[in-house]
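One is the number of the first residue; the rest follow in order along the sequence. Read the numbers this way: they start at 1 and go in the same order the structure lists the ligands and their atoms. Atom set for the values below is all heavy atoms of this structure, side chains included, hydrogens, waters and symmetry mates excluded.
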Amino acid sequence: MDKSILLSTPHMGDRELEFVKVAFDTNWIAPVGPHIDAFEQEFCQVTGAGHAAAVSSGTAALHLALQLVGVEYGDEVFCSTLTFAATANPITYLGAKPVFIDSDRNTWNMNSDLLREALLNRARIGKLPKAVVVVHLYGQSADIDPILEVCNHYEIPLIEDAAESLGATYKGRSPGTFGRIGIYSFNGNKIITTSGGGMLVSDEPQLVAKARFLATQARDPAPHYQHSQIGYNYRLSNVLAGIGRGQLRVLSDRVAARRRNFEIYASALGNLPGVEFMPEATFGRATRWLTCLTIDPEAFGADREQIRVALAEQQIEARPVWKPLHLQPVFAECECIGGAVAEDLFAHGLCLPSGSNLTIEDLERVIGAISVVHQKNSSNI
Ligand SMILES: *Cc1c(COP(=O)(O)O)cnc(C)c1O
């Protein structure tokens, strides 16, 4: 049987073990230590963020971010609908309610016109949301400027979920560093990984200091463990921060490899009828964290699910584009502004194996399998 080709797997560089060994040799096996401090500083250098706090996951970073901008029980938070559930789950941890916003066709990310219109309507009735969470999906930045402008106009803090877009650019800068707070993820499937981990960034040092405080059980400065607030155990391990330091050093290689995957897929499959790749917006550079395409079943001869199943039969893992959150049973009661674009991208969209460690042979196997689905089905028409 052929070896399996997975969607996105960890890809270690040469230095990670060395950093981990330093942590062992110095016995910094704890959620504090020199690797954490260095990882935060190096992360700021790479992204241009002002300040950073390393935490146990991207989800934890979002939970802290929402709390730091003042989201409380009963509040509403506007949020992209086309994303992973982890974007919106922390809104509900705080007892707040997400209101979902549809995507823009050109970026697949939040439609700023819909956001502006929705905020205008809410301002009229005096029911503005407490925060906006914009997602930078699949390695591509959202069009941040118009989103930031309208958020600033209503003085609503913008939180950027850049979990999937470390290494991308928006007008030359890193998505995640424009809003009041940005978050990143180092889960095993992301462009770089610490096995699990996340980062919260902001230009406001007191916000990041507060994130560290909340992430370490909100201990007051007293020797006897005094607490005036509820805290969390959300800090990253110093051992994992060592992995992160090694991974940061190969980030640009990982971006190049994933973009290469995209180029190979696009040149081999881009001319098949009914195939369209996720567009790259002109305002920046996408990492192509995942290569995503949409399939028009009429033109192609098979739908995205038939392709996915045919690939799975050959041990190739492909996944549908995220099911929009407003279609998720758990968020069924939540309001959604628009939704048709995200629904269409879900109905037709497929993510191909995209790891930076895929070989040319792996990519050719995926391409061959998709071409066969097209040939088999188009000959029936
Ligand atoms: C992965 C991901 C997260 C969550 O990050 P974890 O580190 O897995 O908690 C949040 N948002 C998006 C869009 C993601 O893809």
Side-chain angles (χ1 to χ4, degrees), residues 6-10 31 39 43 52-67 77-94 98 100-101 103 107-110 131-142 144 158-168 174-176 179 181-201 211 215 232-237 240-241 243-244 247 254 258 278 286-292 319-326 328 330-331 342 345-346 349 351 354-355:
L6 299 173
L7 195 71
S8 180
T9 61
F39 186 35
F43 194 84
V55 293
S56 52
S57 70
T59 309
L62 274 165
H63 189 191
L64 294 171
L66 290 159
Q67 195 166 327
V77 175
F78 282 14
C79 169
S80 308
T81 190
L82 189 65
T83 182
F84 183 41
T87 304
N89 283 341
I91 299 171
T92 69
Y93 300 168
L94 293 168
F100 298 113
I101 312 272
S103 294
T107 64
W108 292 23
N109 287 313
M110 186 184 282
V132 172
V133 180
V134 64
V135 180
H136 306 298
L137 210 61
Y138 294 130
Q140 170 150 274
S141 179
I144 299 168
L158 178 67
I159 296 170
E160 291 178 77
D161 178 350
E164 300 182 1
S165 291
L166 177 61
S174 293
I181 300 180
I183 75 94
Y184 301 85
S185 165
F186 312 116
N187 202 339
N189 60 350
K190 298 304 200 288
I191 195 156
I192 62 169
T193 181
T194 60
S195 74
M199 195 72 84
L200 178 149
V201 304
Y232 308 96
N233 182 4
Y234 274 173
R235 267 307 234 173
L236 186 67
S237 149
L240 302 186
I243 302 178
Q247 287 274 276
R254 301 299 179 258
R258 289 189 188 249
M278 179 180 180
T287 65
R288 302 295 184 179
W289 170 59
L290 297 185
T291 288
C292 307
R319 288 294 178 99
V321 160
W322 295 125
K323 179 172 184 169
L325 296 186
H326 71 272
Q328 296 289 356
V330 75
F331 295 119
L345 291 170
F346 170 59
C351 308
S354 300

Compute the shortest N/O to N/O distance between F186 and ligand 1 and return yes if it is under 3.5 Å, no if not.
no
Can you classify the ring geometry of Y232 versus Y234 as parallel (below 30°), tilted (30 to 60°) or perpendicular (above 60°)?
parallel
For atom 11 (N) of ligand 1, find the nearest protein heavy atom and state the residue, atom name and distance (0.1 Å precision).
D161 OD2, 2.7 Å
Is it true that the side chains of R258 and S8 contain a donor and an acceptor less than 3.5 Å apart?
yes
Atoms of ligand 1 close to A86 [distance to a heavy atom under 4.0 angstrom, numbered from 1]
3 (C), 4 (C), 10 (C)
Backbone or side chain, does any N or O of N189 fall under 3.5 Å from an N or O of ligand 1?
no
Report yes if some N/O of N187 lies less than 3.5 Å from some N/O of ligand 1; otherwise report no.
yes
Answer yes or no for H136: is there a heavy-atom contact with ligand 1 below 4.0 Å?
no
At under 4.0 Å between heavy atoms, which part of S57 makes contact with ligand 1: side chain, backbone, both or neither?
both
Out of E164, K190, H63, indicate the one that has the non-hydrogen atom closest to atom 1 (C) of ligand 1.
K190
Report the distance from atom CD1 of I91 to atom CZ of F331, rounding to the nearest 0.5 Å.
7.5 Å
Please could you name the atoms of ligand 1 that G197 approaches to less than 4.0 Å, counting only its heavy atoms?
7 (O)
Under a 3.5 Å cutoff, is there a donor and acceptor pairing between the side chains of Y184 and E160?
no
Would the distance check show the side chain of S165 and the main-chain N or O of G139 forming a donor-acceptor pair, the cut-off being under 3.5 Å?
yes
Would you call the rings of W108 and Y138 parallel, tilted or perpendicular, where under 30° means parallel and over 60° means perpendicular?
perpendicular
Side chain, backbone, both or neither: the part of T59 lying under 4.0 Å from ligand 1 by heavy atom:
both
Reference residue V132; test side chain to side chain contact (heavy atoms under 4.5 Å, CB included); the match among V77, I101, L158, I159
L158
Pull out every atom of ligand 1 sitting under 4.0 Å from any heavy atom of T83, numbered as shown with elements.
13 (C)
Considering only heavy atoms of A163, which atoms of ligand 1 have at least one such atom less than 4.0 Å away?
2 (C), 3 (C), 10 (C), 11 (N), 12 (C), 14 (C)
Take W322 and E164 through the test side-chain hydrogen bond (donor to acceptor under 3.5 Å, both in side chains) and record every step on the way to the result.
CA-CA 12 Å; W322 295 125; E164 300 182 1; 3.1 Å; yes
